[in-house]
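For ligands, and for the atoms within them, numbers begin at 1 and follow the listed sequence. Note that the structure is predicted; figures quoted are calculated from it, not measured. What you see below is based on every heavy atom in this structure, not just the backbone, and it leaves out hydrogens, waters and symmetry mates.
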Amino acid sequence: MKLETQISSLKGVGSRKTEALAEIGIFTRADLLEHFPRRYLDRSTVTFTTDLRKDVNVTVVGKVSGTQMRRGRKRSYFEMVVADERGFLKCRWFNGAHWIQKRFKKGDIVAVSGKVDFYGGFQMVHPDFDILSEAGANPINTGIIVPLYPSGQKLQSAGLDSRGFRRLLRPLMAGIESGLEEFLPRPVLVEFKLMGIGEAIRDIHFPQDMDSLKQARYRLKFNELFFMQLLLAIRRQSQAETVKQNRFDGYGEYLSSQYEKLPFELTRAQKRVMNEIWEDLRSAHPMNRLLQGDVGSGKTVISLLGAAIAAGNGYQTAIMAPTEILAEQHYKNALKFFEGTPIRVVLLTGSQTAAQKRDLRKALKEGYYQVAIGTHALIQGKVHFKNLQFVVIDEQHRFGVLQRGELLEKAAEADVLVMTATPIPRTLSMTLFGDLAVSVIDELPAGRQKIITRKVDVHTLPKVHQFIGDEIKAGRQAFVVYPLIEESEKIDLEAATLGYEKFKTQFKDFQVALLHGRMSAGEKDTIMQAFSRNEIQLLVSTTVIEVGIDIPNATVMLIENAERFGLAQLHQLRGRIGRGQHRGVCVLVHRSMSPESLDRLNIMVKTLDGFKIAEEDLRLRGAGDIFGTRQSGLPALKIANILYDGEILKMARKAAFALVQKDPHLRQGIHAQIRHIILDRYAEYSELAGIG
Ligand code: ADP
Ligand code: MG
């Protein structure tokens, strides 16, 4: 029985099931085998009806002892009584009652999961449910571990609830038991104590006991992370095999003169990073380096020093920022930095006319400009360079792995420096940037005063407003930030507008402006520019203020409804102030008094360490939320979780990188099979990996 065979060839799979399965990406038998249970029930995870407590989330397993449509005050609802051997629990559905009613029959053994409520007796409203078996014995009592599969309404309507999946999987499993071929080399299995693949697939669906289930999960998580890391390892390998045509003979004639002219001494961390970059530049292979450094740690000057080396060797530099405002800021910095040299800097923006763009592009292609600055558009489409060799991508977390691939098409041998202020926890950067070498600026320039962060409730607001007034009168500038989250966009915009009106009347003698996402790029830009020239003293804004904007005179930031922001986002926002000689103060205003949100805000009060904050944020909110891992350009994970499986990730990375080091093109013996899996299962990523 072949695993690539279409699912419809399985007994009992008709057109309805085929269609429902296709919707969740299951087309072949192999896909079905990889539809892993979402959780398992056994005695240790199931609660007796006699042990229920209000507001606690539990799963109860029992027999349906009664079902009934009942008339409620407004509309009818469905009520089902589940009895275990000690007592009973009422479940109620107010929505979709008729659809639910059809799912259950008296005597079915079911699992219901949800929060327990008390309403004249214990009850669950709209619990998640699974039918474990039709009339029969409670499997939990016989010591069986029951897997529950992810399943939605459509699947359930097609008979594919957990029970339905088990019915399909059992014969499939029996048919292939001996047929799942191991593809990991023996030494890898031994070193990382991995269960065989056939066993793992069997035990993940039909676990004998908790221990074998644990081993099966470990093996399958390892698998997934191993292939992901393998893609990165192969990619890194293929870059390491590339030999640059453009050599760097030395620092060139601009580095030391411009270095001498800097108004400050580089921090030790900046010097170390500069050396790392220099080593990469002078090597025979293209640089692929991630530069991490907290907000304000001074990454810009690093990119400019790099550009000076490139120019000194006769090569062009491209610096890309995620937005036009940031590009413009880089442009100004670069102009100032190269003052007094023959180096010509150009800014390419979307607002230039077609004719202007054409001229600038022509000049770039002819090598008239040595440094080009712009947004992502800089490497797209019609822009060509004469001899682009140094590429800087600022605030990288907005560019995924795939976009970097696109960049490499333009300049396959370019030395690439990716810079980010987003502190990325180690496990995440091993994934998102797993093919890059990493440099860290872990020190802020001397003399920077620590930002003070306070968390206050609304009653303290008048005092805060007074403080803002004092700072403005003393010549400083302030931000007031309102959350803006899509679903409630209208209300949020109103809140910001209202706040703006209030501040405007309160601070009549000063310029107050409002900035929000519905404005055109041009409008936003005008306001930001005016703010950076201190023509505006108080900027009321939704979250659109740019990551990376550098306004040293801004000292106060008031963040409204701070509990609605992610911690990493708060940290980014806070990094906009206290960047000059004056001390910064960040005030987090909260309206929620829930202990969780107060705990989160306390983390902000206690630490300025972006890495600590990122780890906490990751722990509290999950990886997807912060970095959009789904858009990272890497395969989605089915069973492993970057958040919790950091240890397995490290193992898998070690194994994958060792394998590629030993056999770069995966041609020896069993490795060929791994190569085959990559080309087959990860076809869309194999180009990324460079073995297409
Ligand atoms: P980021 O790493 O967030 O991009 P920037 O490069 O914008 O930070 O630097 C923040 C500010 O610190 C800038 O005004 C820059 O001129 C200044 N700066 C950079 N390096 C140093 C240093 N070694 N000593 C003092 N100031 C520095
Ligand atoms: Mg920056």
Establish, yes or no, whether the cationic atom of Arg344 lies under 6.0 Å from the six-membered ring centre of Tyr368 and within 45° of the ring axis.
-> yes
Can His465 and Phe507 be said to form a ring pair (Phe, Tyr, Trp, His ring centres under 6.0 Å), step by step?
-> CA-CA 10 Å; His465 289 180; Phe507 301 119; 7.5 Å; no
Can you tell me if NZ on Lys463 sees more than 12 non-hydrogen neighbours from other groups inside 6.0 Å?
-> no
Would a line drawn from the ring center of Tyr315 to the ring center of Phe248 be shorter than 6.0 Å?
-> yes
Do any heavy atoms of Pro552 fall under 4.0 Å from ligand 1?
-> no
Which ligand 1 atoms, with their elements, are less than 4.0 angstrom from a heavy-atom of Ser297?
-> 2 (O), 8 (O)
If we only count N/O pairs under 3.5 Å, is Pro445 in contact with ligand 1?
-> no
Atoms in ligand 1 with a heavy atom of Thr267 nearer than 4.0 Å | 23 (N)
Examine Gln329 against ligand 1 and note whether any of their N/O atoms are separated by less than 3.5 Å.
-> no
Gln270 heavy atoms, cut-off 4.0 Å: which ligand 1 atoms fall inside?
-> 19 (C), 20 (N), 22 (C), 23 (N)
How does Leu266 reach ligand 1, if at all, at less than 4.0 Å between non-hydrogen atoms: by side chain, backbone, both, or neither?
-> backbone
Do any pairs count as a side-chain hydrogen bond (donor to acceptor under 3.5 Å, both in side chains) and have a residue in residues 551-560, sequence neighbours left out, and if so which ones?
-> Glu471-Thr555, Arg476-Asn553, Gln477-Asn553, Glu560-Arg591
Pi-cation contact, Phe531 with Arg533 (under 6.0 Å, within 45°) | no
Thr300 neighbourhood, listing ligand 1 atoms whose heavy-atom distance to it stays under 4.0 Å = 4 (O), 5 (P), 6 (O), 7 (O)
Report the part of Glu265 in contact with ligand 1, treating N, CA, C, O as backbone and CB onward as side chain, heavy atoms under 4.0 Å; options are side chain, backbone, both, neither.
-> backbone
For His582, ring pair (Phe, Tyr, Trp, His ring centres under 6.0 Å) partners two or more places apart = none
Under 3.5 Å: N/O of Gly296 near N/O of ligand 1 = yes
